[in-house]
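What you see is a predicted model; the values in this text were computed from it and never measured. Just so you know, ligand 1 is whichever comes first in the structure, and atom 1 is the first atom listed for that ligand.
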Amino acid sequence: MDSIDKSKLPTHVAIIMDGNGRWAKRRGLPRVRGHQQGAETVREVVRTTRQIGIPWLTLYAFSMENWKRSDLEVRALMNLLEQFLKDELEEMTENGIRLKAIGRLEKLPTSTRKLLFETMDKTSQGEDMTLTLALSYGGRQEILDAVRKIAVSVEKKKIQPKEIDHRLLVNALYQPEMPDPDLLIRTSGEYRISNFLLWQIAYTEIYITSTLWPDFTREEYLKAIAEFQNRERRFGAAD
Ligand code: IPE
Ligand code: IPE
Ligand code: MG
């Protein structure tokens, strides 16, 4: 904690939580065991984020492309999500954490979706931190959905094409009030974005670690934040 400068905290940290399957494989365990262990890391990271005082945390929990995985794995991930929502409700409400979700949520199984919306409702008064779960999420799909919404407004003559600007597009995204991430962390050593927050990460600082998600510790999380604080962000400007 001492290595963190409280005056230079990121406002929004986004994480691509990758490597659960490899963690399990290395131990000769089924992939689902890796996801179980990964869920423990999620709890720890949420707690640490709240303790540090970072107001926005977004976790990539299930991508649009992850629907291609086996029924068994998808079902296990949905069950783990439901378990997480039940287990963490109390801690979220006690700690001022508001839960949000982005993605094509209509594709989620009914029981998962119902619990998700109930939990978002019950935590909606949380003012200290917003935890956003990206579920059935794709950055390209988010932009496509936004373009469709705008096209409908144009068709209904509510707006004219020349009025389409940055603000209007952001307002059509899944969560317009969410600030762009300052720091994007990806575990398990892959150097790619995998269709996460494509619009929002235009000027995000990226931190990639080879650590697999179930092994990602509080110490390493703090290290990533400390490294972020040493980066020079220019946003395209010259000195
Ligand atoms: C990340 O771990 C969790 C999800 C994508 C849901 P993976 O399941 O992708 O693990 P690897 O990449 O196969 O190791
Ligand atoms: C990205 O990980 C999606 C999530 C972490 C939910 P993947 O494992 O699905 O991505 P790829 O296939 O390595 O690009
Ligand atoms: Mg993966």
So is Gly19 close enough to ligand 1, meaning a heavy atom under 4.0 angstrom away? yes

Among protein heavy atoms, which sits nearest to atom 5 (C) of ligand 2, and what does the distance come to when rounded to 0.1 Å? Met17 O, 3.4 Å

Would you check the N or O atoms of Asp18, main chain and side chain alike, for any that come under 3.5 Å of an N or O of ligand 2? yes

Below 4.0 angstrom from a heavy atom of Phe62, which ligand 2 atoms are there? Numbered from 1 as shown, please. 6 (C)

Would you say Arg69 and ligand 1 have an N/O pair spaced under 3.5 Å apart? yes

Could you list which atoms of ligand 2 come closer than 4.0 Å to a heavy atom of Arg186? 2 (O), 10 (O), 11 (P), 13 (O), 14 (O)

Using a 4.0 Å heavy-atom threshold (strictly under), name the region of Phe196 that reaches ligand 2: side chain, backbone, both or neither. neither

To the nearest 0.1 Å, how far is atom 2 (O) of ligand 1 from its closest protein heavy atom, and which atom is that? Asn20 N, 3.2 Å

At a 4.0 Å threshold, what atoms of ligand 1 neighbour a non-hydrogen atom of His35? 3 (C), 8 (O)

Please determine whether the number of non-hydrogen atoms from other residues, nucleotides or ligands lying under 6.0 Å from atom NZ of Lys68 exceeds 12. no

What part of Lys25, side chain from CB on, backbone N/CA/C/O, both or neither, has a heavy atom under 4.0 Å from ligand 1? neither

Would you say Glu190 touches ligand 1, if touching means a heavy atom closer than 4.0 Å? no

Backbone or side-chain N or O of Tyr60 under 3.5 Å from ligand 2 N or O: no

Is there a donor-acceptor contact under 3.5 Å from the side chain of Glu205 to the main chain of Leu183? no

Protein heavy-atom partner closest to atom 12 (O) of ligand 2 - residue, atom, separation in Å: Arg192 NH2, 4.4 Å

State yes or no: do Ile185 and Val46 share one hydrophobic cluster built from I, L, V, M, F, W and Y residues joined by side-chain heavy-atom distances below 4.5 Å, directly or via other members? yes

Gly21 to ligand 1: N or O pair under 3.5 Å? yes

Could you check Glu232 against Arg234 for salt bridge (charged side-chain N to carboxylate O under 4.0 Å, His left out), going step by step and ending with a plain yes or no? CA-CA 6 Å; Glu232 187 193 348; Arg234 294 165 180 261; 3.7 Å; yes

Take every heavy atom of Ala61, measure it against each atom of ligand 1, and state whether any distance is under 4.0 Å. yes

Please work out, at 4.0 Å between heavy atoms, whether the side chain, the backbone, both, or neither of Glu65 comes within that distance of ligand 1. neither

At less than 4.0 angstrom from any non-hydrogen atom of Arg22, what atoms of ligand 1 do you find? 11 (P), 12 (O), 14 (O)

By atom name, which N, O or S atom belonging to Asp18 lies closest to the Mg ion (ligand 3)? OD1

Ranked by distance from atom 14 (O) of ligand 2, the top protein heavy atom is Ser194 OG, 2.6 Å

Counting N and O atoms only, with roles assigned by atom type, does the side chain of Asp5 sit under 3.5 Å from a partner on the main chain of Ser7, one being a donor and the other an acceptor? yes

Check the orientation of Tyr221 and Phe216. Use parallel for under 30°, tilted for 30 to 60°, and perpendicular for over 60°. tilted

Hey, can you tell me if Tyr174 and Tyr137 have their rings parallel, tilted or perpendicular (30° and 60° cut-offs)? perpendicular

Over 60° means perpendicular and under 30° means parallel, so classify the ring planes of His166 and Trp199, tilted if in between. tilted

Are any of the N/O atoms on Asn66, whether in the backbone or the side chain, positioned under 3.5 angstrom from an N/O atom of ligand 1? no

Under a 4.5 Å side-chain heavy-atom rule over Ile, Leu, Val, Met, Phe, Trp and Tyr, are Leu197 and Phe62 clustered together? no

Does NZ or CZ of Arg69 fall inside the cone over Trp67's six-membered ring, less than 6.0 Å from its centre and within 45° of the axis? no

Qualifying residue, where the test is side-chain contact (heavy atoms from CB on, under 4.5 Å) with Leu59 and the options are Leu131, Thr49, Val13, Thr132: Leu131

Output yes when a side-chain donor or acceptor of Arg113 lies under 3.5 Å from a complementary backbone atom of Glu106, and no otherwise. yes

